[in-house]
*Asks:* 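Dropping a structure here in structure tokens format, bear with me for questions.
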Amino acid sequence: MSTPSPTSARADVHVSYHQMLVTDGSGADHPTGVPNGLTASAPGAAVILTGIHTGAVDVTVQLTDAPPAVTAEGWDEVEEVELITFTGEMRVSGMMMGAPEALPNLTPLGPGRYGMRVHARGRDLHPAAVPAVPFEFYLVTVWPIEVGPEACAKLGVGVAEELGLPDKSSEIRRWAREHARPEHQPGRPAREIQPPLPPAPVRGAARASGHRLRIANPYQPPAAEPALPEGLVAAVPDAVVIRTLRDRSVVGVHVRWDQSGARLPPSSWEETEEIEFVTTTGIMRVEGMSDDRGEEPPNLTYQGVGRYGLRVYGRSRRGERPSNRPGESYLLVVWPIALGAGGRTVGAGF
């Protein structure tokens with residue numbers, strides 16, 4: 001039996017419950033324990049854990065004749081397991097979803113044992129997001145270890161039929177779980193999603209350039225950027241620009257989340273402007289911002305993809321006595337309008 005030529009294909013896989021499945025149609029249960037935190041297998045099935053609970057991830061499948069050299073360059077995590085298939089038809093799919101047609105059968109040489117190496121990137125970026133455009137990436141590499149008649153005999157594939165005996169596939173699978181590689185390993189259950197809590201207000205500073213204070217997804221540049229507004233703020237899908245007084249400067253930034261979008265009472269803020277914006281990824285951060293604790297900038301759209309309201313308050317501090325605080329500041333108040341794919345679509349053309 002010939003081995004497959006190296007081949008690769010990619011597709012978006014829509015996942016749920018933090019899981020991608022690899023199944024061979026034999027009805028085997030996928031593992032519920034994942035000791036290495038990324039992937040695990042049992043005879044007839046495997047599971048790959050994702051960072052996001054629900055949404056699209058980018059998956060590339062690569063089939064090789066033998067295990068390639070291990071490299072982690074450009075990836076956050078790499079883990080390896082063995083696959084046992086009784087049918088030779090193992091495919092990647094989302095939980096309760098069909099396998100993407102663009103991705104090939106992982107085990108084209110038929111029943112037997114295969115190696116599977118999983119590379120992952122971006123699982124920790126934003127687990128609460130529901131992305132339509134992937135920001136998590138996976139490379140699934142598979143190669144044969146033991147296939148053909150001897151492997152089928154060890155797994156008991158077709159033995160009952162040839163001898164005219166009752167089907168004992170369930171006993172064979174139980175034996176394989178106890179004795180065949182990979183061994184059945186207990187582990188922690190797959191992660192469960194928790195409803196995101198509203199973040200506490202954040203205060204920090206950010207660097208503006210070209211009279212622009214930008215808000216976008218730092219991991220996935222937007223397709224376009226709004227023109228410099230004549231007023232205070234402008235937006236296109238996945239990008240917001242606030243016009244600053246100075247060409248290049250460090251400005252103060254205050255962020256507050258409000259479910260209702262209620263207006264603040266009159267205060268020391270000198271100007272205000274309100275706008276709607278759309279995020280297709282569920283991640284929008286103030287570019288170059290650091291808060292008072294030195295942590296990374298907060299995600300303004302922590303509730304996921306959709307349409308949001310943004311009210312920007314601005315003020316300058318010219319004429320005040322010298323201070324270490326920035327010379328101009330902005331308060332950003334954010335609230336959801338329509339979440340999910342519907343909100344993303346409704347606002348995509350403004």
*Asks:* Please name the pair of heavy atoms, one in Thr64 and one in Pro144, separated by the smallest distance, quoted to 0.1 Å.
*Replies:* O-CD, 3.4 Å

*Asks:* Does the side chain of Leu332 reach to within under 4.5 Å of the side chain of Arg256, using non-hydrogen atoms?
*Replies:*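 Sidechains of Arg256 and Leu332: no contact.
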
*Asks:* Test side-chain contact (heavy atoms from CB on, under 4.5 Å) on Tyr313 and Glu270 and set out the steps.
*Replies:* CA-CA 7 Å; Tyr313 297 81; Glu270 299 164 358; over 6 Å; no

*Asks:* Side chains of Trp143 and Leu109: closer than 4.5 Å at any heavy-atom pair?
*Replies:* no

*Asks:* Testing the basics here: between Val13 and Ser93, what is the closest heavy-atom pair and its distance to 0.1 Å?
*Replies:* CG1-C, 3.9 Å

*Asks:* Is a side-chain donor or acceptor of Asp12 paired with a backbone partner of Ala56 at a separation under 3.5 angstrom?
*Replies:* no

*Asks:* Applying a strict under-4.5 Å side-chain criterion to I, L, V, M, F, W and Y, I'd like to know whether Val47 and Tyr17 cluster together.
*Replies:* yes

*Asks:* Nearest 0.5 Å, please: how far is OG1 in Thr54 from CD1 in Ile52?
*Replies:*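 Answer for the CD1-OG1 pair, Ile52 versus Thr54, is 7.0 Å.
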
*Asks:* Side chain to side chain donor-acceptor pair (under 3.5 Å) with Thr39: which residues, sequence neighbours excluded?
*Replies:*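 Partners of Thr39 by the side chain to side chain donor-acceptor pair (under 3.5 Å) criterion come out as none, since no residue qualifies.
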
*Asks:* Mind checking who shares a hydrophobic cluster with Val133, ILVMFWY linked at side-chain heavy-atom distances under 4.5 Å?
*Replies:* none

*Asks:* Is there a continuous path of hydrophobic side-chain contacts, each under 4.5 Å between heavy atoms, that joins Val251 to Val312?
*Replies:*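 Yes, same cluster.
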
*Asks:* Is the backbone N or O of Glu82 less than 3.5 Å from a side-chain atom of Ser41, with the two atoms forming a donor-acceptor pair by type?
*Replies:* yes

*Asks:* With a 4.5 Å cut-off on side-chain heavy atoms, are Pro229 and Val241 touching?
*Replies:* yes

*Asks:* Sequence neighbours left out, what passes side-chain contact (heavy atoms from CB on, under 4.5 Å) with Ala102? Give chain and number order.
*Replies:* Ala11

*Asks:* To the closest 0.5 Å, what do you measure between CD (Gln62) and OG1 (Thr7)?
*Replies:* 9.0 Å

*Asks:* Who passes salt bridge (charged side-chain N to carboxylate O under 4.0 Å, His left out) against Glu146, sequence neighbours left out?
*Replies:* Arg113, Lys154

*Asks:* Search all heavy atoms of Ala129 against all heavy atoms of Thr281 and return the closest pair with its distance.
*Replies:* CB-O, 3.8 Å

*Asks:* Quick one: does Leu300's side chain get under 4.5 Å of Arg285's, heavy atoms only?
*Replies:*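 Sidechains of Arg285 and Leu300: no contact.
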
*Asks:* Within the structure provided, determine whether Thr50 and Tyr138 are in side-chain contact (heavy-atom separation under 4.5 Å).
*Replies:* yes

*Asks:* Nearest 0.5 Å, what's the CZ-OG1 distance between Arg91 and Thr23?
*Replies:* 10.0 Å

*Asks:* Listing request: all side-chain hydrogen bond (donor to acceptor under 3.5 Å, both in side chains) pairs with a residue in residues 220-244, at least two apart in sequence or in separate chains.
*Replies:*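 Non-adjacent pairs meeting side-chain hydrogen bond (donor to acceptor under 3.5 Å, both in side chains): Arg212-Glu225, Arg214-Glu225, Asp238-Thr280.
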
*Asks:* Among all residues two or more places apart in sequence or in another chain, which pass the salt bridge (charged side-chain N to carboxylate O under 4.0 Å, His left out) test with Glu287?
*Replies:* none

*Asks:* Is there a donor-acceptor contact under 3.5 Å linking the side chains of Asp247 and Ser249?
*Replies:*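 Distance-only check fails for Asp247 and Ser249.
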
*Asks:* Nearest 0.5 angstrom please: Trp257 CH2 to Asn299 CG, how far?
*Replies:*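 Those atoms lie 8.0 Å apart.
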
*Asks:* Leu21 and Leu139: same hydrophobic cluster, using ILVMFWY side-chain contacts below 4.5 Å?
*Replies:* no

*Asks:* Do Val130 and Val334 belong to the same hydrophobic cluster, where Ile, Leu, Val, Met, Phe, Trp and Tyr are linked whenever their side-chain heavy atoms lie under 4.5 Å apart, directly or via other members?
*Replies:*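 No; Val334 is not reachable from Val130 via cluster members.
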
*Asks:* Do any pairs count as a salt bridge (Lys or Arg N to Asp or Glu O under 4.0 Å) and have a residue in residues 133-145, sequence neighbours left out, and if so which ones?
*Replies:*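 Listed by first then second residue: nothing to list.
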
*Asks:* With side-chain contact (heavy atoms from CB on, under 4.5 Å) as the criterion, how do Tyr330 and Val286 come out once you've worked through the C-alpha distance, each side chain's angles and the decisive distance to 0.1 Å?
*Replies:* CA-CA 11 Å; Tyr330 298 90; Val286 180; over 6 Å; no

*Asks:* Looking at side-chain heavy atoms only, is the closest gap between Asn217 and Thr279 below 4.5 Å?
*Replies:* no

*Asks:* Taking 4.0 angstrom as the limit, do Glu328 and Arg315 come out as a salt bridge?
*Replies:* no

*Asks:* For Glu77, check salt bridge (charged side-chain N to carboxylate O under 4.0 Å, His left out) against everything at least two apart and list the hits.
*Replies:*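 Testing Glu77 for salt bridge (charged side-chain N to carboxylate O under 4.0 Å, His left out), a comparison that skips the adjacent residues, returns Arg123.
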
*Asks:* Mind checking whether Val253 and Ser329 have side chains closer than 4.5 Å, heavy atoms only?
*Replies:* no

*Asks:* Which heavy atom of Pro226 sits nearest a heavy atom of Ala234, and at what distance?
*Replies:* CG-O, 3.7 Å

*Asks:* What closest approach, in Å, do Ala40 and Gly33 show between heavy atoms, and which atom pair accounts for it?
*Replies:*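 Shortest heavy-atom contact: CB-O, 3.4 Å.
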
*Asks:* Check whether any side-chain heavy atom of Met20 lies under 4.5 Å from a side-chain heavy atom of Val92, and answer yes or no.
*Replies:*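 Side-chain contact under 4.5 Å: yes.
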
*Asks:* Evaluate the side-chain contact (heavy atoms from CB on, under 4.5 Å) criterion for residues Met284 and Tyr308: first the C-alpha distance (whole Å), next the side-chain angles of each, then the deciding distance (0.1 Å), finally the verdict.
*Replies:* CA-CA 11 Å; Met284 295 286 282; Tyr308 289 79; over 6 Å; no

*Asks:* So if I apply the side-chain contact (heavy atoms from CB on, under 4.5 Å) rule between Val140 and each of Leu103, Val59, Val22, which one comes out positive?
*Replies:*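 Going through the options one by one, the only one that passes is Val59.
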
*Asks:* Can you list every pair that meets ring-ring contact (aromatic ring centres under 6.0 Å, His included) and has a residue in residues 112-136, with sequence neighbours left out?
*Replies:* Trp75-His119

*Asks:* For the pair Ser8 (side chain) and Val61 (backbone), establish whether a donor and an acceptor sit closer than 3.5 Å, ignoring hydrogens and angles.
*Replies:*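 No; judged by distance alone, with no hydrogens or angles, the pair does not exist.
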
*Asks:* Give, for atom OG1 of Thr272 and atom CG of Leu232, the distance between the pair rounded to the nearest 0.5 Å.
*Replies:*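 It comes to 7.5 Å.
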
*Asks:* Using the test side chain to side chain donor-acceptor pair (under 3.5 Å), find all partners of Glu80 that sit at least two apart in sequence or belong to another chain.
*Replies:* Arg117

*Asks:* Can you list every pair that meets salt bridge (Lys or Arg N to Asp or Glu O under 4.0 Å) and has a residue in residues 32-60, with sequence neighbours left out?
*Replies:*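 Qualifying pairs: Arg10-Asp58.
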
*Asks:* Kindly compute the distance separating CG (Asn105) from OG1 (Thr87), expressed to the nearest 0.5 Å.
*Replies:* 7.5 Å

*Asks:* Kindly give the heavy-atom pair with the smallest separation between Ile283 and Thr301, and that separation in Å.
*Replies:* N-OG1, 3.6 Å

*Asks:* Does the side-chain contact (heavy atoms from CB on, under 4.5 Å) test come out yes or no for Val118 and Val78, once each step is laid out?
*Replies:* CA-CA 6 Å; Val118 179; Val78 182; over 6 Å; no

*Asks:* Tell me the ring-ring contact (aromatic ring centres under 6.0 Å, His included) pairs involving residues 227-255, sequence neighbours left out?
*Replies:*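 Passing the test, one end in residues 227-255: His254-Trp269.
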
